[in-house]
Amino acid sequence: MRFYFLAFKRGFDFSGCSCRREFWMFMLVNLFITFVFIAVDIVFNVEMPDMAYSIVSFIPMLAAIVRRLHDINKSGYWGFIFLLPVIGPFWLLYLLMQPTKMYGNGEIQL
């Protein structure tokens with residue numbers, strides 16, 4: 001849960017890096033919360049909880065994606081690859097799963 005709250009704390013921080021664990025733990029908790037809100041929408045026949053959460057979590061999720069791309073030594077603009085039809089989402093997923101890029105002395109390469 002701490003990575004989830006950290007992502008919201010850094011929600012408008014599009015600089016720096018996010019390691020794989022930080023990014024994927026945030027995405028896992030975000031997915032779980034989304035499913036809970038979808039269930040609430042279905043049970044109570046309303047659309048607002050899921051829509052409101054989607055709007056609130058959109059910018060922190062974008063920021064986390066950009067920071068994750070920085071961690072693999074890519075520009076945040078690589079996130080636009082998602083818009084490429086058919087292959088784009090898979091390519092972005094492949095990039096997000098890459099390990100951290102480091103120099104030979106152990107420092108993170110930005």
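Not measured: the values here are computed from a predicted model. Residue numbers run from 1 in the order of the sequence given.
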Residue set satisfying side-chain contact (heavy atoms from CB on, under 4.5 Å) with Arg20, at least two apart, ordered chain then number -> Trp24, Arg68, Pro99
The remaining residues in the hydrophobic cluster of Ile42, counting side-chain heavy-atom contacts under 4.5 Å among Ile, Leu, Val, Met, Phe, Trp and Tyr, are Leu31, Phe35, Ile38
In short, salt bridge (Lys or Arg N to Asp or Glu O under 4.0 Å) pairs touching residues 56-67 with sequence neighbours left out are none
So the side-chain hydrogen bond (donor to acceptor under 3.5 Å, both in side chains) pairs with at least one residue in residues 55-64 (sequence neighbours excluded) are none
**Request:** Look at the side-chain heavy atoms of Ile, Leu, Val, Met, Phe, Trp and Tyr, link any pair under 4.5 Å apart, and say whether Val66 and Met25 land in one connected group.
**Result:** no
| field | Stepwise side-chain contact (heavy atoms from CB on, under 4.5 Å) test for Phe3 and Leu28 | value | CA-CA 10 Å; Phe3 291 124; Leu28 182 67; over 6 Å; no
Residue set satisfying salt bridge (charged side-chain N to carboxylate O under 4.0 Å, His left out) with Arg10, at least two apart, ordered chain then number -> Asp13, Glu22
Joint cluster assignment, Met51 & Phe37, ILVMFWY side-chain distance < 4.5 Å: no
Name the atoms and distances for all side-chain donor-acceptor pairs under 3.5 Å in residues 89-96, with sequence neighbours left out.
none

Residue set satisfying side-chain contact (heavy atoms from CB on, under 4.5 Å) with Phe12, at least two apart, ordered chain then number -> Ile59
d(Met97 CE, Ile72 CD1) to nearest 0.5 Å is 11.0 Å
*Group every Ile, Leu, Val, Met, Phe, Trp and Tyr by side-chain heavy-atom contacts under 4.5 Å, then state whether Met48 and Phe44 land in the same group.*
no
Contacts satisfying salt bridge (Lys or Arg N to Asp or Glu O under 4.0 Å) that involve residues 30-58 (not counting sequence neighbours) are none
Point to revise | Residues Leu62, Phe14; criterion side-chain contact (heavy atoms from CB on, under 4.5 Å); working and verdict | key: CA-CA 8 Å; Leu62 283 180; Phe14 289 85; 4.2 Å; yes
Closest non-hydrogen atoms of Gly11 and Ala63, given as atom of the first, atom of the second and distance, are O-CB, 3.3 Å
Hits for side-chain contact (heavy atoms from CB on, under 4.5 Å) against Val29, two or more places apart or cross-chain, chain-then-number order -> Met1, Tyr4, Ile33
Residue pairs meeting salt bridge (Lys or Arg N to Asp or Glu O under 4.0 Å), one or both in residues 73-92, sequence neighbours left out, come to none
Given Val56 and Phe8, is the side-chain contact (heavy atoms from CB on, under 4.5 Å) satisfied, shown in steps? CA-CA 10 Å; Val56 167; Phe8 271 92; 4.0 Å; yes
| message | Test side chain to side chain donor-acceptor pair (under 3.5 Å) on Ser18 and Asp71; report intermediate values, then the result. | response | CA-CA 6 Å; Ser18 290; Asp71 191 49; over 6 Å; no
Would Val46 and Val43 show up in the same hydrophobic cluster when neighbours are defined by side-chain heavy atoms closer than 4.5 Å?
-> yes
The side-chain hydrogen bond (donor to acceptor under 3.5 Å, both in side chains) partners of Asn30 (sequence neighbours excluded) come to Tyr53
Here the gap from Leu69 atom CG to Tyr77 atom OH, rounded to the nearest 0.5 Å, amounts to 12.5 Å
Quick one: does any side-chain atom of His70 pair with a main-chain N or O of Gly16 as donor and acceptor, under 3.5 Å? yes
With hydrophobic residues grouped by side-chain heavy-atom distances under 4.5 Å, do Phe58 and Ile55 end up in a single group?
no
